[in-house]
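Below: one structure, written as structure tokens.
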Amino acid sequence: MKSISLIQFLIEERRAGYVNAELSLLIEVVARACKRIAVATNKGALGGVLGEAGTGNIQGEAQKKLDVISNEILLEANAWGGQLAACASEEMEDPQPIPDMYPKGHHLLLFDPLDGSSNIDVNISVGTIFSILRCPDGVTEPRAEHFLQPGTTQLAAGYVVYGPATVMVLTFGHGTHEFTLDREVGSFILSRRDIRIPEETAEFAINMSNQRHWEAPMQRYIGELLAGKDGPRAKDFNMRWVASMVADVHRIITRGGVFFYPLDAKIRSKGGKLRLMYEANPMAFIVEQAGGAATTGRERIMGLQPTGLHQRVPVFLGSKKEVEVATHYHVEADAAV
Ligand code: AFP
């Protein structure tokens with residue numbers, strides 16, 4: 001089979017009218033930055049990049065050295081290319097403007113530079129997640145409010161998982177596609193086109209240690225899965241939890257399954273654990289484009305009107321039928337109150 005590089009794929013997408021030249025170039029720049037992050041993560045202890053940076057991000061979470069390095073790589077790579085009006089990151093309170101010395105473009109880039117970073121020191125997969133929006137017309141100095149667009153307006157979304165292989169998964173709203181990094185050649189090569197997530201599954205991912213803090217409909221739903229063949233679902237379910245969203249979502253993209261980070265009593269005041277703008281929305285776009293579903297347990301994630309750059313939301317995503325059952329239990333419980 002003839003291999004198709006990311007660049008060839010982007011040219012095809014341009015010819016099909018799915019992306020314009022600026023967006024296509026922006027994806028190339030992000031991919032190049034992610035190759036550099038892959039090199040840094042692959043070096044491990046030998047690169048002197050493991051451990052704490054000794055700083056906290058704006059969410060009060062301890063930053064790893066690689067969080068800071070990955071953020072800098074993405075900012076630096078994207079500053080001068082001319083495709084962006086501004087960037088926003090998990091690691092920075094406010095959006096980063098494009099320096100005056102560089103030309104500005106029409107896009108806004110949001111990213112979580114290194115998701116799952118608490119897994120780095122134990123050599124478990126981590127990843128980068130990104131979302132691309134159009135900068136509103138007439139806005140030359142984008143502020144946080146200009147990023148607050150619903151997930152349905154995303155022009156592109158993707159993630160890169162730095163695992164045994166470095167893999168990028170990408171959507172422009174015309175299917176979800178996977179590219180594997182050929183390290184010798186230095187190119188991302190198309191490895192799966194038009195990925196489909198099976199509608200049904202017997203595998204779920206959730207942090208079970210939070211069980212006692214969950215809401216009643218979540219307790220009910222997971223309780224039924226755990227009851228297996230003898231329970232109301234009449235089927236045995238398997239459980240997996242990597243605690244790296246990119247790795248958990250990549251498993252679902254590959255063999256199906258459902259991922260949950262529900263609301264619980266510990267995080268209720270924050271609105272959830274995962275961030276809407278650079279985790280939930282891009283993952284929801286990728287999963288929906290692969291035939292899956294993504295909700296907060298109550299409504300479609302991509303339909304939410306964001307209220308803050310670092311807003312958190314509950315996340316239910318993956319195989320459609322299971323997301324529907326878990327969401328139905330929550331909606332039904334709310335209606336009964
Ligand atoms: P870190 O980037 O701080 O490791 O958080 C990772 C994450 O946001 C997401 O990737 C995981 O699914 C989730 O947190 C794991 O959360 P728990 O530690 O509560 O299981």
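When a ligand or atom number is given, it counts from 1 through the structure's own listing order. Heads up: numbering here begins at 1 and tracks the sequence.
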(message) Tell me the closest heavy-atom pair linking Pro164 and Ser125, and the distance in Å.
(response) CD-OG, 4.1 Å
(message) How close do Thr295 and Val323 get, counting heavy atoms only, and between which atoms?
(response) CG2-CG1, 3.8 Å
Short N or O distance, [X] and ligand 1, threshold 3.5 Å exclusive:
X      : answer
Ser118 : yes
Asn210 : no
Asn119 : no
Met245 : yes
Leu114 : no

(message) Taking the ring centre of each residue, are Phe260 and Phe316 less than 6.0 Å apart?
(response) yes
In terms of atom number and element, which parts of ligand 1 are under 4.0 angstrom from non-hydrogen atoms of [X]?
X      : answer
Ser244 : 10 (O)
Leu274 : 8 (O), 9 (C)
Ser117 : 1 (P), 2 (O), 4 (O)

(request) Determine, considering heavy atoms only, which of Asn207, Ile267, Ile129 sits nearest to atom 17 (P) of ligand 1. (result) Asn207
(message) If hydrophobic clusters are built from ILVMFWY residues whose side chains come within less than 4.5 Å, do Leu155 and Leu74 share one?
(response) yes
(message) Please list all pairs meeting salt bridge (charged side-chain N to carboxylate O under 4.0 Å, His left out) that have one or both residues in residues 233-244, counting only residues at least two apart or in different chains.
(response) Lys229-Asp236, Arg233-Glu322
(request) Give a yes or no answer on whether the side chain of Ser319 reaches the backbone of Thr201 with a donor-acceptor pair at less than 3.5 Å. (result) no
(message) What's the separation between atom CG in Asp67 and atom CD in Glu72, rounded to the nearest 0.5 Å?
(response) 11.0 Å
(request) Classify the contact between Phe259 and ligand 1 as side chain, backbone, both or neither, using a heavy-atom distance cut-off of under 4.0 Å. (result) side chain
